[in-house]
Amino acid sequence: MVEIDDLHERTLLAPIAHTGRGFYWAVAGLSLLILWGVLAYLVQFSEGLGVTGLHQPVSWGFYVTNFVFFIGISHAGTLISAILRLSKAEWRRPITRMAEVITVMVLFIGAGQILIDLGRPDRLMNVIRYGRYQSPLLWDATSISAYMTASLTYLYLPMIPDIAILRDRLGKRKLLYSVLALGWTGTEHQQRVLNRAIAIMAVLVIPIAISVHSVVSFVFSMTLQPMWHSTIFGPYFVVGAIFSGIAALIVAMILFRKAYGLQDYLKPIHFRYLGQLLLIMALLWFYFTFAEYLTGYYGAEPEEMKVFWAKFTGPFWPFFWGMVLCNFIIPISCLVSLSRHTIGKVLAASLSVVVGMWLERFIIVVPTLSFPRLPFPQGIYSPTWVEWGETAGSFGIFALFYLLFTKFFPIISIWEIREGREGVKEVEERLISYLPGEIEEKT
Amino acid sequence: MALWGMVIDLDRCTGCQACVMACKAENNVPAVGAKEAKRGRIISWMQVLTETDEEHHGEKTRFIPRPCLQCDDPPCTKVCPVYATYRNPDGIVAQIYARCIGCRFCMAACPYNAKYFNWHTYQTEKPGQNPDVSVRPKGVVEKCTFCHHRLQKARERALAEKRDFDPNDYVTACAQACPAQAIVFGDLSDPTSAVSKLAASPRAFKLLEELGTKPKVIYLSEGEGRG
Amino acid sequence: MTRGALVRLILILIVIGVAVTWGYWTGLVESGTTQPIQFPHKTHLDLKLACTTCHYRAEKEAVAGRPPTALCLGCHMGGDTQSQEIKKLRAFGETGREIPWRRVWRLPSHVYFPHRVHVTIAEIKCQTCHGPMESLTRPPEAPLKILAMDDCIACHEKLKSPEGGGKAAAEATKMAARRISLDCITCHR
Amino acid sequence: MQFTRRGFLQALTATAGAAVLLKGRPSKVGQAAEDVERWATPEEIFVPSICQQCPGGCGLLVRTLDGEVAGISGNPLHPINRGTLCPKAFGGLQLLNDPDRLKGPMARAGERGSFRPIGWDEALKIVTARLSDLRTKELSHTVAVLGGQYRGYRDTLWTRFSEAYGTPNYIRVRCLAPEKPALAHHFMQGVTAPVGYDLAKAQLILSFGVSLLEAWLGPVHNAQAFARLRRSSERPRGWFIQVDPRRSPTAIKADRWIPIVPGTDGILALGIANAIIREGLYDREFVEEHTFGFEDWVDGSGKRHLGFKELVLRDYGLLAVSAATGVAVRSILEIARSLASIKPAVVIGERGPAYGADDLHTRMAIHSLNALVGNIGVPGGLLIQGELPLAPLPVAKKDEIAKRGLAQPRIDGAGEEQYLLTADTPQLLPERILKKNPYPVNALFLFATNPLANHPAKEAFAEAMKQIPFIVSFSPFLDESTAMADLILPDHTYLERWQDDQVTHLAGFTCFSLAQPAASPLHQTRNTADTMLGVAKALGGSVAESLPWEKYEELLREGVKGLFQAGRGYVTTLHAEESLRKVLERQGYWVPEFKDYDGFWKALLQRGAWWDPTGIPVSRKALLKTASGKFEFYSTALKEVVDKAVKREGKTGPFFSALGAGKEEDLLFLPAVPIAPAEETKSFPLRLNTYRLLSRPTGGGRNQPWLLEQPAVHVEASWEGWVEIHPATAAAAGIKEHDSVWVESAKGKIKLPAKLYSGTLPDIVHIPLFGGEGPNPNDLIGNETDIFRGFGLLNTTRVRIRRA
């Protein structure tokens, strides 16, 4: 082990250099979840989707809910980091990497939900061989793969200097880091090119991210089904996605802050800013939800109202009101004042939003299918252990991969922090440039 | 080109389900078994829906036999990512089992719930089945095809016998079986056909017409009234 | 044998094993079919018999089917014979049972392929799909040609196009008021 | 329907060879070892057959591919169904291919219920030895044959076998009524031929609990008639009123549903009569000229008798009727006015199970409405149907043993004492067998019946069967009764055998259907008719001489010759040809179609049926065959029967006592249904009404998954039985939809899922005679029967419910 001189580097590389007992416990726990998921999938693969609780009217359930949810979470990442980066918000520096990793991990898992949901996963290639561009599902495939590529690149580019640090400082995995570092030496030219590339990607990734979730919403809104067929769905989904993304990011930040002792890097101020962002999103989410349901209520189409009342007072009321509680009441009450117990409040709000947003996805997918227009024998959907297993496994895989990532790469960008510290002066200059110049009194 | 359509007279329909069973026998539709049925997975390409007017405490009940409505503007085909379902030139909404990836988007999109999914392997090939129709594997969506294989065979017969195809050679199993002759099948593009004449009746209406799906299954309402 | 050679041998065996298993599994390799009678197609076709002389159902029905025993006996009845195979044939004839031919050519069950249209209207040679059956001196153990959907499509596309459409296409169009179709449900069922 | 016609014509050419092909083809079992694979869509032959899923008698076209059944459709030429079918017909495919079918004969191995397979020769030897042993011991009468729901030559064969062998005990355990004229028709009109209803031409149908669109005789025929009532080009939309305790699918399709307390249909009919008479709406001309007993009358001895009018006006005031039936006075008046003003109207009151204890008078009361509005012998009213002109078979030879055996009383007591008028009284069987009264049963043959599941006295039957030393079952399935057998000689299912069907009900024409085997037998089963011919031959002597046919088809061929020689009717043909023939026949011409019987037989096999549409359907003369030549409100024929019985047994005799001694005597012969006082109902506050579903009217068919999966449309149900409860009743008992509910009667209790159904009176619960696996409503129903016909009372049991 090479001695690492830089204190910052030492702290940030510590999780990669040393592995504690907690890590193994976490891996073991998550592996159990994943094992459950794998087992569930194997059963489902051999027996057919019949092992789930899905049935004739309700042909979509947990998997599609998870799909929308995970794709939603993915917005955390890139979108926040990109926006903060473009707006040159200096407090972003310790956050961006975490956000970007969430995006990449969760995108794969979200896309995987569709694979799990397919009756014939062996024919997945048909989508590519015989794809039909009329189908919103194909738009999804396209935009998600574009988003995957973009966010992977966007994650990777700012990591190059850090990988080079790892290559130089860390004793192990020399080969891996050398390859990934792409010969980074930190020359000025390299710096310039990298910065340019990051900036371009940041610009690119925002429209792609928005398109992804709009397209996900189109899966529902392009049909004629009551409470799906809505023009508001695109922005509504995007807002929800950012909302849940921020929440997931905050949860991840707090967890790693605690686990890896990053208190110096992730300070209450970060959480306060993010908390305020979350508050804004909660209000925005409420606005969209209110508009959506009020419009439906006033239109009072019988078919819409069947689903509407099923959510308000019918069999889905716990989910609906649970969603309102988790997405609005709890976060608002936690976030209005962040002067004290910032981190605790933000964590509570974020956890609540993660749950609430999952409920929201569920409450969008299932009730509409449960109440068909025609007098069809109705059925209430209740998931089986297989669906719970695959859901748990999906979360498990996400957490495990995230954890493993932190064992290979620094979760907080070393060079960006350093750059931030070195660039205080530059920031000062920039600040001054925002302000009106000193007024020279005319004489 | 013919435009195949169906008229179902709800006043004549007795809710006997002969159409349902005829369809099952003709198209090798499996019985899914007690356990699966309880979970709401009965496959019934033709299904008799019972509509009860809640304001009248069940006094006004009607039976609506519902096949696939073979929409001219089908919501299901638009969403299929792999062309496993599409409207063919005859106006029949086709379902290609060998292509279907089982995403069930078409089921979610169909406002008539006319599409059914094979949640398990419900049956394999065995005696007593109709060899003209394949047995569907697990994981694909299936639905009424207007007994398209009968059209195939009728056409092919005409071709082999070197005569013109006669639209009367083609009738669906449900229309053939209906004891009250409430189901009439034929060519909607031919104004002289029985089905066209009935479709012009003042009693005629279409299910969920307001959705603009343009179904080719037309219903005749009950009660007094001409036609 | 050196250790390296042994390892190499084992590796090769594993590769072959995997390939063969995979082949069986995906149906590329089929286990050979043995027929009750070693029927020589060549001998019969050399006598200038047409395929449809015996497989006459191909002209009438969707499936060509096997010829009935009675048809075989039409020629092979009476007189002495040295051939074991003809004796077997006669033995089947005496019991009044059909010869239990095993099926070799088999389309997937979701495909509808009407022989009669292809034989009588389109006048496609049997060999186009079945391969050089006329050269066989004993029954094939496996199909001589394995057809994929693309083979069907290619032919239909060719004939459907105005320039490719020969007599067959014109006739088909006229007779059935329907062109040679590329519509999936024409063949999928 | 051009399609079917063309298809059929092609089928005809194909079937010409079918019979030849099927003849002598070894069964599939024989070839199974050879592993013959089907060569996909091989030779397609359509074979006409007959559906045996219910007594409807529909003609089938069975699609066969190289002898394997691959589909069923209606025979477009068959006059009963004209190419259409009901849902049950398609279950036939699953019945045929049921994996649980018996694969061959079985003999009991040790305990009852365990079996070993044996060969047919051995099995037949066992039966023959047993029968011939009993015969030599002069115990031929101790052999009982239990038959089920079938008709035609299979019935003829069993009757003949019983006679020749020498047993009076050929007893039918039926779930539906025999189609001989109903007693009410017989006593009021004097007819001996079956009576039908011209539903297709009626403008109003008033139905008393007849499940017209579900399980009533010929469902396809009924549905066609209903469709014509509803929509026909030549007349306005007809009216249909359904009186029923339950809003059945029939009631749903009716213009008006009148809920009624079960068993009070007769009272309602008399209430309607009251209203019609009071308002003077009845058909005066018909009543005056063609009826007897309307007004009070004086007989030869000067004794004054009560007339129908006086009876109705005196005893059936609308308030009393309304109180007893639960039908509002206003509704009664409205029905009466509709019935009297819309013509032609037909009142139907026929169904399998009895209306109540006083079934005969209830039916007479309902039927008297037809006379009141003059619907007898007019189009759209009642029809008479002729008998089939089948060739009489040579008289069965009875030797001395047979004669002595036949002289013994029947073990079930039918035709004696209070069961004077019934043909069969299976409900008495178990008790009498157990008591060995009047003699023990030494052998029991079970054919097409399963009393251990389908009879309310099923437990008693089980007990009784334990006493019988030798039981033979012919069932193709190992059902409850068959499990008790010592020997199983499995029958073919109906698509595999030669059979006939003689439809003489409902349709207004006579029709004979003939079916050859459509499929090669799948298993080592044998047509029971052939089995019994074989047994008779082996028994030798007069039994063999009475049943001289080698094969069942020879028997059929002999009987059918009568149709060829009758000089009327024809083998079904295309509609155009039929119309021409009808025109000719109306003018007195009848053109023979066939030169010889061979041609006739071949055509019958190819087309499936013979019929005579131009018999005597609309004829007042043929319909009124009483001594007076009039419709008798006051049945002199019934009086004659009663008087004879009284003369024989005295007024204390069982028959007269059962009729209701002590009643005003005239009331016995008039359609008088007593208005019973309200019952004490504390322990069992609810009434149980059982009913038959269209999908499984005979209660069987648990091997037909399609039908089990979607048995009904009025409630959502699948695979298991259910109990329909009024929402208010359910709420009072704390029962919610799909809850498990215990239904308890004095006899027993069963657990069923609840269906809340507002289509009922609140104090009645309804259970379908479902016939699948699981709880059997026969566990609740008492073994009660009506006095006259001896049919089970399936709707008089009282029950209570509680949440399980």
Side-chain angles (χ1 to χ4, degrees), chain B residues 9 11-26 29-35 37-38 42 44 47-50 52 57-59 61-63 126-132 150 154 157 166-171 173 175-182 220 222-225 227, chain D residues 1-4 6-7 38 40-41 63 65 68-74 81 83-91 93-94 96-97 213-214 219-224 226-227 230-231 237 247 249-250 252-253 257 522 694-695 705-710 713-716 718-720 757-759:
Chain B
D9 188 339
D11 208 14
R12 278 175 165 242
C13 171
T14 69
C16 74
Q17 301 199 90
C19 48
V20 176
M21 302 303 159
C23 171
K24 294 199 175 206
E26 178 71 23
V29 176
V32 297
K35 218 172 104 194
K38 207 166 199 173
I42 293 173
S44 191
Q47 186 161 5
V48 178
L49 305 174
T50 305
T52 306
H57 301 287
E59 290 286 338
T61 299
R62 73 180 356 178
F63 302 128
K126 55 177 184 275
Q129 289 166 338
N130 180 2
D132 299 341
R150 289 188 174 203
R157 203 183 299 135
D166 178 359
N168 291 322
D169 282 352
Y170 168 42
V171 69
Q176 196 187 1
C178 180
Q181 282 159 4
L220 301 181
E222 294 151 297
E224 303 296 327
Chain D
M1 295 278 271
Q2 282 284 327
F3 161 78
T4 41
R6 188 195 296 276
R38 190 162 88 188
T41 47
R63 180 185 177 206
L65 300 169
E68 263 181 34
V69 173
I72 285 177
S73 56
N81 58 320
T84 67
L85 287 174
C86 91
K88 295 185 293 288
F90 302 98
L93 288 170
Q94 293 182 319
L96 174 72
N97 293 303
L213 302 179
E214 295 141 86
V220 173
H221 193 78
N222 294 345
Q224 289 178 345
F226 169 81
R230 276 283 176 258
R231 295 283 159 193
R237 186 173 182 269
R247 194 169 58 232
T250 308
I252 287 172
K253 290 309 292 185
W257 167 55
L522 297 183
L694 172 63
S695 55
W706 282 330
L707 295 172
L708 279 170
E709 197 151 288
Q710 284 161 301
V713 284
H714 66 292
V715 291
E716 276 170 31
S718 189
W719 286 96
E720 51 179 9
Y757 191 55
S758 60

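Chain letters run A, B, ... following the sequence lines, proteins first, then strands; residues in each count from 1.
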With side chain to side chain contact (heavy atoms under 4.5 Å, CB included) as the criterion, how do D:Leu694 and B:Gln17 come out once you've worked through the C-alpha distance, each side chain's angles and the decisive distance to 0.1 Å?
CA-CA 9 Å; D:Leu694 172 63; B:Gln17 301 199 90; over 6 Å; no
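- No other option in B:Thr14, B:Thr50, B:Val20 has as many heavy-atom pairs under 4.5 Å with chain D as B:Thr14.
- For D:Leu93, the part lying under 4.5 angstrom from a heavy atom of chain B is the side chain only.
- Using a distance-only test at 3.5 Å, with no hydrogens or angles considered, a donor-acceptor pair links the side chain of B:Arg12 to the main chain of D:Arg231.
- With hydrogens and angles disregarded, no donor-acceptor distance shorter than 3.5 Å links the side chain of D:Trp706 to the backbone of B:Ala25.
- Closest non-hydrogen pair, B:Pro127 versus D:Glu68, comes out as CB-OE1, 4.1 Å.
- Contacts of D:Gln710 with chain B are made by both backbone and side-chain atoms, with heavy-atom separations under 4.5 Å.
- Across D:Pro87 and B:Cys16, no two heavy atoms sit closer than the pair CG-O, 2.9 Å.
- Nearest heavy-atom pair, D:Ser718 versus B:Ile42, reported as atom, atom and distance to 0.1 Å: OG-CD1, 3.7 Å.
- Contact annotation: the side chain of B:Glu222 never approaches that of D:Arg230 to less than 4.5 Å [non-hydrogen atoms, C-beta and beyond].
- For B:Asp11 and D:Arg237, the salt-bridge test passes: some basic side-chain N is under 4.0 Å from an acidic carboxylate O.
- At a 4.5 Å heavy-atom cutoff, the contact between D:Asn97 and chain B is made by side-chain atoms alone.
- Heavy atoms closer than 4.5 Å to chain D are found in the backbone of B:Pro30, but not in its side chain.
- Looking at B:Lys24 and D:Gln94, their side chains never come closer than 4.5 Å, going by heavy atoms from C-beta outward.
- Scanning both residues, D:Phe90 and B:Ala18, for their nearest heavy atoms gives CE1-O, 3.8 Å.
- Scored by the ring-ring contact (aromatic ring centres under 6.0 Å, His included) test, B:Phe63 finds no partners at all (sequence neighbours excluded).
- At a threshold of 4.5 Å between non-hydrogen side-chain atoms, the residues B:Thr61 and D:His714 do not count as touching.
- Take B:Glu26 and apply the side chain to side chain donor-acceptor pair (under 3.5 Å) test, not counting sequence neighbours, and it matches B:Asn130, B:His149, B:Arg150.
- Rounding to the nearest 0.5 Å places CD of B:Gln176 at 5.0 Å from OG of D:Ser73.
- Options B:Ala180, B:Cys178, B:Ala34, B:Cys19 differ in how many heavy-atom pairs under 4.5 Å they form with chain D, and the most are formed by B:Ala34.
- Using a 4.5 Å heavy-atom threshold, the side chains of D:Leu707 and B:Met21 count as touching.
- Interface residue B:Val32: backbone and side-chain heavy atoms are both found under 4.5 Å from chain D.
- The main-chain N or O of B:Gly33 is found under 3.5 Å from a side-chain atom of D:Glu709 such that the two form a donor-acceptor pair.
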